[in-house]
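Contents: one structure, followed by commentary.
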Amino acid sequence: MDGRVGLLLLGGLEEQPLVPEDVRAVITARSHGLPLHLDLAVARFLEIRRTGRTPEAADFDHTFPALIARTLSDLTEDERHVLRSASLLDAFDLDLATQAAGLSHQAAARRLVERPMVSEDPYAISPYHLHGAIRTALQTGDTATADRWTAADWHQAAERALSALGEQWRQAPTASDGQAWLVACLRQGLRLARDHHLDDLAWLTAAAFAYIDDSVWEPIAPPAPAQGGGQAADTPADALAELLTAISRRQHEHRDRTARRLTAVLDSNLLSDELAQLAWYYRAKADKDLGRTAASLEGMRRVAAAGGRLAPQAQRGIASLARIAGDFPAALDAASTLTWKSRRHRVRGDILWPQGDFTAAAQALRDGRAEAEQHDAPGERAIAQTRLALVTAFTDPRRAGEEIDLARQYLEPLDQRATVLHLQVAGLVRDAGTDDRDIAQRVTVLRPQIDVAGLPWLIPLLETALAFHHTLRGTEDDLTAAIARVRDATPRPRGLAFLDWAYVAGLLRLSGPGMRGNGSQQWACR
């Protein structure tokens, strides 16, 4: 019910009341106008009538927690057991409620979900849920029932519920629903482990790696507890929730904020060695984005040396850092050892196109996109397609428009801020040589977005796009200024750092206005 039904039965909508006047008066006085109290009172009234007894005013002269206790007394023992177990869950289905209760049959869960205290959303992954006030009353105010649970009972039920959630995730019905099931189970599992101090994170570790596997960054953190919100992590589940939140929120926060959050998680010493590698890896990625190449390389080498699940991705990071340092031979050697998990084709494409080998770079990125589709990885597919759009934009603006449109389509359901900004730069390259004012306005909008995101590695690419624009227009002074900005945006510790951008900028000057269409041949001057 939703309060309206309660008012109808109480006679509040000028209908013939089912509930006698004296009972209505007690219910109304006790509810203080709260729809949930009204609904529960009316549900209990109907339940008492169903048993053949005539409800009396004394049956409802109770506070809300006491009304919950009386409602519990109307249930069978198995139903009470399922109800208490289900109160640990944000949402549930029949299987989950039954497994959380430790029962071998669904009959009690089936009877329970048909009662008015359980709400249903037929379109949700887990369709049933209890109102938060009912859950709180069950867990904190159940002191009168004879079979009330002890603290140990609640702890064991939390362990059963966590295990049941893990089983539900592992048996997600289809690959297309897998991400939604993963996120739903992770949110509930993290809250259960946190609120009930379950030190064994069990399947949550594997689920955390599955979550980061394809760069689909749906919010993952469970709601903060009623008390203590904002405090430092003090359980392994707190630390894991903060770790995944920092990783996903980097799409909306400055990368320096990401690095600091991950450092705090590592300093808490609450993560297992395996999960600590996850924090080390993403902190190294943040350091790379911030231009802290030495710190990034140290972190990547640490993760690679550990030989864990993220070792292939760390090897990719090492190859990318070699490219950033301008050591193309080392970068190509490293890329040749990579696998699908380390995005081998994308890395190769990123190395080849700054050297002017657009044909080979585009093929590598198409191969990467195809491999992502083969592995049902929409996040990586969007990244590879965006890179392909950029590469194509240098030589074939018409085809680039099609590639950009496809990249936008791939990115639409995802949350990949850096890739979206990368695609906007690809759009600038496609339109290079056209309306100078339009290009300038778009750059003016894009530059602060990159700064706010904490993605300084995109600035040299942005300036390279501008240099390309001025090359095609034949505006020598503007080209000189753009090349100078490329160099300023890529600080070099008297070595070869970011040599690829300076290399590209120099080739743009050599190529001149006629480069588009046969730029690959003109740039092939390694």
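Taking the side chain as every heavy atom from C-beta outward, L96 and Y128 never approach each other to under 4.5 Å. Side-chain contact between I351 and R348 is absent, with no heavy-atom pair separated by less than 4.5 Å. Contact of the R194 side chain with the L190 side chain is not registered, since no non-hydrogen atoms from C-beta on lie closer than 4.5 Å. The shortest distance between side-chain heavy atoms of T258 and Y282 does not fall below 4.5 Å. Proximity of L428 to L446: side-chain heavy atoms (C-beta onward) are separated by under 4.5 Å at one or more points. Looking at heavy atoms from C-beta onward, D327 lies out of side-chain contact with R323 at the 4.5 angstrom threshold. Between L201 and L275, the closest side-chain pair of non-hydrogen atoms falls below 4.5 Å. For the pair T245/R261, a side-chain contact is recorded, criterion being any heavy-atom separation below 4.5 Å from C-beta on.
Ring geometry for F358 against W353 counts as parallel: the plane angle stays under 30°, on a 0 to 90° scale with 60° as the upper cut.
Of the N and O atoms on the side chains of Q416 and Q251, not one donor lies less than 3.5 Å from an acceptor on the other residue. With hydrogens and angles left out, the side-chain atoms of D451 and H254 include no donor and acceptor closer than 3.5 Å. Between the side chains of S336 and D333, no donor-acceptor pair is found at a separation under 3.5 Å. For D477 and H470, the side-chain atoms include no donor-acceptor pair closer than 3.5 Å. Side chains of Q409 and D405: no donor on one and acceptor on the other come within 3.5 Å.
A cation-pi arrangement is absent between R344 and W340 under the rule of less than 6.0 angstrom and at most 45 degrees off the ring axis.
The distance from atom CD1 of I439 to atom OG1 of T434, rounded to the nearest 0.5 Å, is 4.5 Å. Between atom CD of residue Q424 and atom OG1 of residue T419 there is a gap of 11.5 Å, rounded to the nearest 0.5 Å. Interatomic distance, D436 CG to L466 CG, rounded to the nearest 0.5 Å: 9.0 Å. Atom OG1 of residue T386 and atom CG of residue L423 lie 5.0 Å apart, to the nearest 0.5 angstrom. Atom CD of E371 sits about 8.0 Å away from atom CG of D367, to the nearest 0.5 Å. Here the straight-line distance linking atom CG of L162 with atom SG of C185 works out to 10.0 Å at 0.5 Å rounding.
The environment of CD in E167 is crowded: more than 12 heavy-atom neighbours from other residues, nucleotides or ligands sit within 6.0 Å. No more than 12 heavy-atom neighbours from other residues, nucleotides or ligands sit within 6.0 angstrom of CG on D273. Other residues, nucleotides and ligands contribute at most 12 non-hydrogen atoms within 6.0 Å of the CZ atom of R399.
With hydrogens and angles disregarded, no donor-acceptor distance shorter than 3.5 Å links the side chain of E403 to the backbone of L390. Remark: side-chain polar atoms of T480 are paired, donor with acceptor, to backbone N or O of E476 under 3.5 angstrom. A distance-only check finds no donor-acceptor pair linking the side chain of W181 to the backbone of R170 [under 3.5 Å]. Using a distance-only test at 3.5 Å, with no hydrogens or angles considered, no donor-acceptor pair links the side chain of T475 to the main chain of D478. Checking side-chain atoms of H345 against main-chain N and O of L365 turns up no donor-acceptor pair under 3.5 Å. Judged by distance alone, with hydrogens and angles left aside, the side-chain atoms of S248 form no donor-acceptor pair with the main-chain N or O of E218 at under 3.5 Å.
Residues E412 and R408 are not paired through a salt bridge, judged by the lack of any N-O separation under 4.0 Å between the basic side chain and the carboxylate. Looking at E463 and R487, no side-chain N of the basic residue comes within less than 4.0 Å of a carboxylate O on the acidic one, giving no salt bridge. Under 4.0 Å is where a charged nitrogen must lie from a carboxylate oxygen, and between R442 and D431 at least one such pair does. Contact check on R430 versus D396 returns no salt bridge, with no Lys/Arg side-chain nitrogen under 4.0 Å from an Asp/Glu carboxylate oxygen. Using a 4.0 Å cut-off between charged nitrogen and carboxylate oxygen, D90 and R187 do not count as a salt-bridge pair.
A search for salt bridge (Lys or Arg N to Asp or Glu O under 4.0 Å) contacts involving D213 returns K341, not counting sequence neighbours. Listed by chain and residue number, R369, E380 satisfy the side chain to side chain contact (heavy atoms under 4.5 Å, CB included) test with A384 (two or more places apart in sequence, or in another chain).
The nearest pair of heavy atoms linking A210 to L182 is C-CD2, 3.8 Å. In plain terms, the two heavy atoms of L240 and L271 that are nearest each other are N-CD2, 3.9 Å. Of all non-hydrogen atoms in A360 and L352, the two that sit nearest each other are CB-CD1, 3.8 Å. Of all the heavy atoms in A382 and L414, the pair that sits closest is CB-CD1, 3.7 Å. Closest of all the heavy-atom pairs between V347 and S342 is CG2-O, 4.0 Å. Nearest heavy atoms, L262 versus A279: CD1-O, 4.1 Å.
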Distance-only donor-acceptor hits, side chain of residues 303-322, under 3.5 Å, sequence neighbours excluded:
unit_1	atom_1	unit_2	atom_2	d
R309	NE	E274	OE2	2.6
R309	NH2	E274	OE2	3.1
R316	NH2	Y281	OH	2.8
S320	OG	R316	O	3.2

query = Hey, mind stepping through R346 and D350 against salt bridge (Lys or Arg N to Asp or Glu O under 4.0 Å) and telling me if it holds?
reply = CA-CA 6 Å; R346 192 221 303 174; D350 284 346; 5.3 Å; no
task = Please lay out, stage by stage, how L455 and L458 fare under the test side-chain contact (heavy atoms from CB on, under 4.5 Å).
result = CA-CA 6 Å; L455 299 169; L458 273 174; 4.1 Å; yes
ask   = D415 and H252: side chain to side chain donor-acceptor pair (under 3.5 Å), yes or no, with the steps?
value = CA-CA 9 Å; D415 187 7; H252 306 281; 2.8 Å; yes
inquiry  = Walk me through whether L89 and L192 qualify under side-chain contact (heavy atoms from CB on, under 4.5 Å).
reply    = CA-CA 8 Å; L89 299 163; L192 271 171; 4.1 Å; yes
task = Could you walk me through whether W457 and I324 pass side-chain contact (heavy atoms from CB on, under 4.5 Å), step by step?
result = CA-CA 10 Å; W457 64 271; I324 288 171; over 6 Å; no
request  = List the steps and the verdict of side-chain contact (heavy atoms from CB on, under 4.5 Å) for T293 and D287.
outcome  = CA-CA 7 Å; T293 54; D287 284 333; over 6 Å; no
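Remark: of the listed residues V425, V486, L421, V425 is the sole one forming a side-chain contact (heavy atoms from CB on, under 4.5 Å) with L461.
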